[in-house]
Amino acid sequence: MMRAMLDELRGAGYARASLSVQKENPALRLYKRLGFRIVGNGADETEWLMIIELD
């Protein structure tokens with residue numbers, strides 16, 4: 001489902017997407033496998049801000 005959403009964003013012309021994830025969330029591994037990378041803390045020190053380049 002996440003890959004389909006990223007494909008939709010690419011098709012719509014978006015250059016990148018971002019998300020926030022709790023540092024302890026097991027989904028962090030999924031996001032990394034999909035190509036997201038950590039760029040810093042999210043809203044506070046319990047979250048990561050992640051981005052993926054779509055181009």
Side-chain angles (χ1 to χ4, degrees):
M1 187 183 313
M2 184 68 125
R3 284 192 176 117
M5 181 200 64
L6 294 172
D7 288 342
E8 286 287 323
L9 292 172
R10 279 185 194 95
Y14 287 89
R16 71 188 56 83
S18 66
L19 57 81
S20 291
V21 61
Q22 294 288 314
K23 291 180 178 180
E24 301 299 322
N25 188 331
L28 180 62
R29 290 187 305 273
L30 168 67
Y31 300 142
K32 286 182 176 181
R33 281 196 312 268
L34 289 170
F36 282 87
R37 62 185 175 85
I38 296 170
V39 294
N41 283 329
D44 60 36
E45 66 278 348
T46 67
E47 296 181 345
W48 289 122
L49 176 62
M50 303 182 82
I51 65 165
I52 186 171
E53 300 296 330
L54 298 172
D55 50 2

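Heavy atoms only: backbone and side chains are in, while hydrogens, waters and symmetry mates are out.
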So, taking the atom named CG in L28 and the one named CZ in F36, what distance separates them when rounded to the nearest 0.5 Å?
11.5 Å
Under 4.5 Å between any side-chain heavy atoms of I38 and K32, yes or no?
yes
Give the cluster check for [X] versus [Y]: same hydrophobic cluster or not, with ILVMFWY residues linked at side-chain heavy-atom distances below 4.5 Å.
{"X": "L49", "Y": "L34", "answer": "no"}
{"X": "L9", "Y": "I51", "answer": "no"}
{"X": "M50", "Y": "Y14", "answer": "yes"}
{"X": "W48", "Y": "Y31", "answer": "yes"}

Least distance between heavy atoms, S20 atom then G42 atom
OG-CA, 4.4 Å
Would you check, one step at a time, whether the test side-chain contact (heavy atoms from CB on, under 4.5 Å) holds for L19 with M2?
CA-CA 12 Å; L19 57 81; M2 184 68 125; 4.0 Å; yes
Please test N41 against K23 for side-chain contact (heavy atoms from CB on, under 4.5 Å), starting from the C-alpha separation and ending with a verdict.
CA-CA 9 Å; N41 283 329; K23 291 180 178 180; 3.0 Å; yes
Would you mind listing every salt bridge (Lys or Arg N to Asp or Glu O under 4.0 Å) that reaches into residues 37-55, with sequence neighbours excluded?
R16-E53
